[in-house]
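Single-structure report; data block below.
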There are 2 protein chains.
Amino acid sequence: MTNDFRKGADGARHRRATLKDVARRAEVSVPTVSRVIAGDYPVALGTRRRVEKALRELDYVANTHARALRGHGAKTVAFILRDVRGQAFAQFAHGIEEEASRWGRLCLLCVSGGDPVRELRALNLMRQQGAEAVIIIGSIVDDEAYRRQMTEIARSLDQAGSRLVLCGRPPLGEGVPVTIVEYENEAGAHAVTSRLLAAGHRRILLFGGDVAFTTSAQRFAGYRRALTDYGVPYEEDLVVKAAFDRGDAYLRMRERLAAARDFTAVFALTDVIAAGALRALTEAGLQVPGDVSLVGYDDVPPATDLRPLLTTVHVPYEEMGRTAVQLALDHRGSGRFARESHVLLGTHVVFRDSVAPPPAGTARAPR
Amino acid sequence: MTNDFRKGADGARHRRATLKDVARRAEVSVPTVSRVIAGDYPVALGTRRRVEKALRELDYVANTHARALRGHGAKTVAFILRDVRGQAFAQFAHGIEEEASRWGRLCLLCVSGGDPVRELRALNLMRQQGAEAVIIIGSIVDDEAYRRQMTEIARSLDQAGSRLVLCGRPPLGEGVPVTIVEYENEAGAHAVTSRLLAAGHRRILLFGGDVAFTTSAQRFAGYRRALTDYGVPYEEDLVVKAAFDRGDAYLRMRERLAAARDFTAVFALTDVIAAGALRALTEAGLQVPGDVSLVGYDDVPPATDLRPLLTTVHVPYEEMGRTAVQLALDHRGSGRFARESHVLLGTHVVFRDSVAPPPAGTARAPR
DNA sequence: CTGTTAGCGCGTTCAG
DNA sequence: CTGAACGCGCTAACAG
């Protein structure tokens with residue numbers, strides 16, 4: 001017995017207690033300790049007491065890895081997003097975290113920074129980890145290479161008993177074992193744009209984003225469809241790209257304003273972009289919504305901090321996160337979402353104070 | 001070989017390929033495959049080719065858990081915070097994520113919702129997981145029970161070869177194996193309050209938070225010290241509690257305004273609280289900073305979305321996250337922070353547009 | 001260069 | 001009720 005103590009002392013200075021240590025101390029066999037812990041098997045009272053005492057004294061904590069190896073393991077929900085600092089992502093992450101912890105799962109988080117390479121690396125790590133579900137959210141460039149890679153990953157994950165969930169990304173095609181959680185993105189864009197048109201606006205700037213990305217593309221499509229509905233011709237000059245942050249949005253809007261003030265309303269692809277745009281608009285001496293109306297998308301905190309309060313499209317990010325986890329875990333269970341693999345959540349316009357009719361005389365602006 | 005295929009098909013429908021499977025397919029032994037993967041050991045070219053082929057065909061992914069068991073494993077950095085949706089926390093999380101991924105570590109995230117019980121549960125899970133570092137951020141009630149529990153956990157974690165890092169929380173006392181990352185919290189509060197006093201304000205409302213919590217207590221202390229420096233008596237009536245969210249802050253400020261408008265400046269304990277306060281102030285017809293000046297704390301996005309732009313205290317949240325990871329991982333290494341276990345980061349006031357001298361005649365308000 | 005043997009910590013047989 | 005033996009997937013030691 002003494003040698004064992006030495007063994008503990010000379011090798012690694014730190015070592016966490018194992019079942020063996022506890023067994024030795026309680027003078028029982030390893031399986032007995034295991035049974036005491038599991039509690040699902042009869043153990044003599046005296047023995048149990050001794051074991052429990054040893055457990056406490058040695059501050060025993062089970063080794064998740066060994067457990068996982070044995071099959072009882074460490075269920076985790078992994079997710080990848082572009083940047084935790086974005087409010088939309090944060091809400092999404094919150095939904096995931098909440099739901100995962102309701103299911104007793106741990107959360108594994110990776111940030112991709114929007115880089116496909118980092119995303120792939122993260123995906124691989126998660127596969128190694130044996131995560132029960134791997135959830136990805138965020139816009140991408142939906143090209144051939146992407147679909148091929150993702151399909152492969154979905155298959156591989158599926159084969160390993162895990163589930164890939166794509167949020168806010170289009171499906172990969174029939175037969176690919178993937179779960180999709182979407183929201184009515186195009187419809188939301190159509191709805192806000194219509195709101196602007198209904199107020200009398202005819203020259204609406206589509207501001208921010210990049211049509212190469214799926215999310216932007218869908219919002220763009222909603223914008224065009226609304227235009228068509230109202231018989232307003234689409235004009236390329238009214239589409240201005242900008243990165244997804246305040247700073248770039250501010251600069252781009254300033255440039256556009258310097259070039260020409262030929263619009264009466266702005267549809268910012270994101271609330272954050274709207275924040276940047278608003279700043280540029282205000283600095284240029286324009287009143288919102290007096291001179292120009294402004295709408296955003298996402299309905300996240302910047303929307304209620306801005307003056308005027310921003311009219312925007314509400315996206316149920318938190319619910320998306322919760323749904324993603326439910327779908328993945330319930331996948332072959334019997335719950336509400338069992339066997340379902342495609343969910344579409346609703347969006348709706350939140351009317352606030354940033355929209356008004358165009359100023360007199362500008363409703364029919366020069367072509 | 002055919003039996004093996006069957007074997008895969010009849011048992012669990014899904015099973016990830018193991019080294020054994022690969023070895024069988026490549027007609028080599030298991031360790032050989034292992035060596036090909038590790039790449040740190042000579043393997044005949046032909047053999048290597050065959051193994052690599054099998055690896056690819058079977059879509060092999062190493063099992064992290066088995067690896068961890070063997071000692072090579074799955075280094076993870078775990079962290080616990082109150083709520084990902086808070087911008088300060090999000091920035092912190094970003095710093096952690098970034099640094100962890102630089103070190104090739106995976107991130108384990110738990111949200112406590114501010115509940116000590118959930119925090120403890122999360123801590124335990126992370127201990128089981130064998131996380132290399134466990135980082136906690138956020139205010140707590142620093143009582144006897146808390147210190148005892150935390151000390152115990154720190155010891156236990158240390159014994160298991162892991163490291164506990166406390167961010168924005170006070171040390172636990174001498175000899176406790178814990179790493180502390182703090183910022184100049186009291187000093188920041190002292191600095192903004194001084195700024196207000198220097199502008200001529202004498203009746204400054206301390207708004208939001210709860211002195212029971214460490215973070216609030218320190219900011220409160222800075223406020224009082226500044227008052228003392230300027231010889232301005234402290235008045236209990238000028239301290240108003242509010243929860244850490246816009247909504248509650250708004251309501252509390254409205255109540256306070258209805259009761260008495262006996263202050264010329266507000267020190268909001270948080271930028272988010274400032275956002276709520278600003279709304280109430282504005283709605284009450286008060287000009288900021290014309291009628292009342294307003295400052296916040298944290299320097300997170302709400303600060304630059306509000307009008308006027310908020311004067312606030314910059315807290316290096318992202319850097320704290322990075323530092324926490326570095327300290328934990330470098331702990332017994334040779335890097336910049338080796339053997340260091342207490343770091344204090346600086347804060348500074350960011351001057352923007354929400355402070356002005358008090359309106360004439362109010363500088364010396366009625367007692 | 002390669003295969004055999006052993007063991008990480010745990011849970012599950014199967015005998016007593 | 002309890003212990004001995006086995007194996008999860010992997011790597012490190014030791015043979016050849």
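Labels below follow one simple rule: chain letters A, B, ... track the order of the sequence lines, proteins then strands, and each chain is numbered from 1.
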Let me know the distance between [atom1] of [X] and [atom2] of [N], rounded to the nearest Å.
X	N	atom1	atom2	answer
B:Gln128	C:dC10	CD	P	10 Å
A:Leu69	D:dC10	CG	C1'	8 Å
B:Arg50	C:dT2	CZ	P	8 Å
B:His65	C:dG7	NE2	P	24 Å

So do [Y] and [X] actually touch side chain to side chain, heavy atoms under 4.5 Å?
X	Y	value
A:Ile137	A:Phe79	no
B:Glu98	A:Val111	no
B:Ile153	B:Leu120	yes

- Task: List the atom of A:Val61, the atom of B:Gln128, and the distance in Å for their closest heavy-atom pair.
- Result: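 Nearest heavy atoms, A:Val61 then B:Gln128: CG1-CG, 4.2 Å.
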- Do you know the tightest heavy-atom contact between A:Ser101 and B:Arg118? OG-NH2, 4.0 Å
- Item | DNA chain C: 5'-proximal contact among B:Arg48 and B:Ala66 (nearest heavy atom) |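 Taking each residue's closest nucleotide, the earlier one in sequence belongs to B:Arg48.
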- Message: I'd like to know if the side chain of B:Asn124 pairs up with that of B:Arg127 as donor and acceptor (distance under 3.5 Å, no hydrogens or angles considered).
- Response: yes
- Which of these nucleotides, C:dC1, C:dC10, D:dC8, is closest to any side-chain atom of B:Lys20? D:dC8
- For C:dC1, does OP1 or OP2 lie under 4.0 Å from any side-chain N or O of B:Thr32?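 The answer is no; no side-chain N or O of B:Thr32 sits under 4.0 Å from OP1 or OP2.
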- Note on the structure: In 5'-to-3' order, the base (B), backbone-only (S) or no-contact (-) status of each nucleotide in nucleotides 11-16 of chain C, using a 4.0 angstrom heavy-atom cut-off, is BBB---
- Query: Is it true that A:Asp158 and A:Arg155 make a salt bridge, defined as a side-chain N closer than 4.0 Å to a carboxylate O?
  - Reply: no
- Query: So, are B:Arg56 and B:Glu52 salt-bridged, with charged N and O less than 4.0 Å apart?
  - Reply: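 No, this pair does not count.
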- Query: Between B:Arg50 (side chain) and B:Ala26 (backbone), is there a donor-acceptor pair under 3.5 Å?
  - Reply: yes
- On DNA chain D, check which nucleotide each of B:Thr18 and A:Pro42 is closest to and give me the residue with the more 5' one.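 Comparing both residues, the 5'-ward one is A:Pro42.
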- Message: Need the bend value for the helix from C:dC1-D:dG16 to C:dG16-D:dC1: angle between end axes, 5 pairs each end, nearest 10°.
- Response: 50°
